[in-house]
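What you see below is based on every heavy atom in this structure, not just the backbone, and it leaves out hydrogens, waters and symmetry mates. Not measured: the values here are computed from a predicted model. Remember, it's 1-based here, ligands and their atoms both numbered in the order they're listed.
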Amino acid sequence: MNVTSAGPRWWQGATMYQIYVRSWRDTDGDGYGDLGGVIAGLDYLKWLGIDAIWLSPTMPSPDQDWGYDVSDYLGVHPQLGTMADMDKLIAEAGDRGIAILLDLVPNHTSDAHPWFIDALSARDSAHRDYYVWADPAAGGGPPSASPDPAAPPNNWVDAIGASAWTFDDATGQYYLHNFLPGQPDLNWWEPRVHAEFEEVLRFWFGRGVAGFRIDVAHGLYKDALLRDNPPLVGGGRLEGSFGQRPIYSQNRPETHGVYRDWRRIADRYAPPRLLLGETWVGDLARLASYYGDDDELDLAFNFPFLFARFDAGDLAGVVERTLAALPAGACPVWTASNHDVSRFPSRWCGDDERKARLALLVLATLPGATVLYYGDEIAMTDATVPAALRRDHMTPGVGTGGRDAARTPMQWDGSLTAGFTAEGVTPWLPYGDNAHRNVAGQRDDPGSTLNLCRNLLALRRAEFAGRLVAYERLPAPPGAWVYRSGPLLVAANFSTETVALDGTAGEVLLTTPGREVRERDAELWLQPWQGMVMRAS
Ligand code: GLC
């Protein structure tokens with residue numbers, strides 16, 4: 001591995017890039033993106049200035065949840081490629097100074113995993129205790145003298161709002177699944193589960209994988225007594241769902257011990273391997289707890305930032321509360337899109353490219369790590385996915401596309417196949433609505449969003465690589481956010497008014513929306529939704 005700044009904390013100041021592999025580039029003509037496609041895109045990502053790629057799940061899976069239901073943690077999904085392809089990808093990325101992160105799913109497996117198949121075979125099977133089993137109504141529903149399979153052990157709900165328990169007729173117990181029934185939750189009270197995953201970490205770290213994005217990192221342990229979750233009173237999307245506050249099924253204190261163990265393993269490698277958690281929590285103190293005493297996760301995804309309104313005060317508030325909450329030396333990580341949520345150019349920006357550029361400017365200049373989602377750099381928006389073409393089982397009936405709306409093929413060029421696959425091949429998900437927004441159309445245009453993004457990432461690398469710079473908010477007119485980030489001074493106008501930045505001075509390094517406003521930049525005026533990066537004087 002040859003990560004740009006392969007120092008002890010190479011992710012500080014790094015730019016990571018999430019590739020949803022099935023939608024990136026199809027090189028074998030089956031309509032699904034593949035590892036060959038990731039390899040084919042490496043030169044582009046080097047040109048763009050990416051330090052690390054996080055690949056959405058690459059392990060074998062029956063794909064009830066597109067790889068988030070793993071049936072072999074030590075393999076490569078045949079639809080995506082072979083182990084030789086993975087090795088080649090790691091090597092070729094390394095040659096370009098790009099690190100590869102895999103997606104690890106430790107909260108649950110697929111029901112097709114050999115562990116679960118064995119667990120189902122008998123109550124005394126070798127792998128029975130790898131999963132969470134409970135008798136009907138135990139600790140939850142109404143007590144019953146003769147167990148009633150209609151009474152699940154407690155009130156927990158799964159990702160689609162049904163009971164999180166499925167009854168297995170053959171062995172007469174329920175198993176737990178916080179997501180789909182095909183994703184049985186692992187039992188982290190079982191020491192052998194710890195040993196299995198430590199083996200998985202060592203296997204991939206040894207192959208040159210630079211780290212893991214850890215799926216449902218706030219999951220893992222479940223309450224030993226399987227107590228009912230209390231009702232959700234108030235609280236937003238991150239506090240609970242389906243009327244429940246999941247205090248007994250998530251964020252259990254024992255989970256922290258898993259990350260302390262993993263961190264000891266990851267830190268033994270050179271460079272140290274990265275643990276980046278999908279910490280789906282609303283409370284920033286809780287988020288901070290996943291960094292431990294600088295001995296748990298290296299990075300914990302910040303969903304309060306992602307779900308904040310696109311507003312100067314709201315975003316600045318989350319950033320400042322995050323920085324205040326994190327333990328000393330901990331590195332924040334900012335992201336605005338991923339495969340589970342609406343893309344930020346749609347959600348934050350209503351398809352207004354000025355706003356998307358402003359968002360990229362902020363993402364690139366906040367201290368810490370940042371993670372872009374494929375297509376962010378061209379301001380790719382959500383697609384409309386008609387019901388008949390939906391592929392996601394968790395959001396089949398949602399809005400105009402559910403999660404599929406953010407998973408459509410990368411827009412490489414303006415051709416009929418968007419450069420994603422060969423002509424005549426049907427892509428696994430339909431092409432986006434705004435195909436005119438594509439890499440080929442923007443690459444040679446110096447004023448494009450793509451080139452703005454590239455320039456921002458170059459600046460970011462020059463000033464931030466391998467470092468965690470200090471942040472300070474400076475006075476700003478209403479609607480604007482002005483901050484110092486290490487040697488950079490950033491001014492961002494989140495309003496529909498032109499604002500004057502009295503007293504904010506510095507050499508202008510870069511502006512949005514582009515060259516046409518350069519003259520005015522010198523006067524330190526910001527157009528609506530314009531952002532500017534200066535060198536602090
Ligand atoms: C995470 C993934 C999501 C998946 C779920 C279950 O939230 O990001 O895509 O459906 O976990 O694994």
Side-chain angles (χ1 to χ4, degrees), residues 16 18-23 54-73 77 101-113 116 131-132 156-162 164 166 176-186 188 197 200 212-220 222 237-242 246 249-251 255 275-282 287 290 297 299-304 306-307 333 335-343 371 373-374 382 385 390-396 398 401-408 428-429:
M16 316 204 194
Q18 180 188 357
I19 292 184
Y20 197 79
V21 181
R22 279 188 179 74
S23 296
W54 148 31
L55 299 174
S56 59
T58 49
M59 297 164 188
S61 163
D63 293 329
Q64 290 191 36
D65 190 15
W66 297 108
Y68 286 105
D69 46 327
V70 176
S71 56
D72 174 8
Y73 289 91
H77 197 306
L101 309 173
L102 298 188
D103 213 313
L104 182 67
V105 187
N107 182 69
H108 46 267
T109 68
S110 159
D111 61 356
H113 195 291
F116 192 68
Y131 295 89
V132 184
W156 299 356
V157 286
D158 70 8
I160 52 175
T166 287
L176 177 70
H177 51 88
N178 270 296
F179 291 89
L180 298 171
Q183 295 169 295
D185 275 52
L186 283 160
W188 279 88
F197 275 86
V200 172
F212 286 105
R213 177 267 189 186
I214 302 161
D215 190 61
V216 196
H218 54 293
L220 278 57
K222 312 289 149 31
R237 180 170 181 178
L238 291 165
E239 308 297 335
S241 49
F242 302 110
S249 49
Q250 294 177 11
N251 291 305
T255 301
L275 302 177
L276 160 60
E278 185 211 16
T279 38
W280 184 270
V281 298
L287 179 75
Y290 283 100
L297 299 179
L299 300 174
F301 268 131
N302 192 322
F303 287 93
L306 184 149
F307 286 124
V333 52
T335 194
S337 302
N338 68 36
H339 63 291
D340 292 328
V341 300
S342 165
R343 289 173 174 274
V371 183
Y373 186 48
Y374 79 99
D382 291 341
V385 183
R390 301 278 173 85
R391 307 300 299 263
D392 176 30
H393 300 301
M394 251 180 241
T395 59
V398 178
R403 298 193 300 183
D404 289 327
R407 299 177 177 181
T408 55
W428 82 294
L429 276 172

S.K.: Who are the residue neighbours of ligand 1 when the rule is a heavy atom under 4.0 Å from any of its atoms?
M.R.: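 Heavy-atom contacts below 4.0 Å: Asp65, Tyr68, His108, Phe179, Gln183, Arg213, Asp215, Val216, Glu278, His339, Asp340, Met394, Arg403, Arg407.
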
S.K.: Between Ser56 and Asp103, is there a side-chain donor-acceptor contact under 3.5 Å, judged purely by atom types and distance?
M.R.: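 Checked: Asp103/Ser56 side chains show no N/O donor-acceptor pair below 3.5 Å.
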
S.K.: Quick one about Asn251 and Tyr290 (side-chain donor to acceptor, distance below 3.5 Å, no hydrogens or angles considered), yes or no?
M.R.: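 Present: a donor and an acceptor within the cut-off.
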
S.K.: Using only heavy-atom distances, determine whether the side chains of His177 and Asp111 contain a donor-acceptor pair under 3.5 Å.
M.R.: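 Their side chains do not contain a donor-acceptor pair, so the 3.5 Å distance test is not met.
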
S.K.: Quick one: does any side-chain atom of Asp69 pair with a main-chain N or O of Ser61 as donor and acceptor, under 3.5 Å?
M.R.: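 Answer holds: no.
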
S.K.: Inspect the contact between Arg403 and Asp382 and indicate whether a charged nitrogen and a carboxylate oxygen are less than 4.0 angstrom apart.
M.R.: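 Judged by the 4.0 Å cut-off on N to carboxylate O distance, Asp382 and Arg403 do not form a salt bridge.
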
S.K.: So how far is it from Ile214 CD1 to Leu102 CG, rounded to the nearest 0.5 Å?
M.R.: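 Answer rounded to 0.5 Å: 12.0 Å.
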
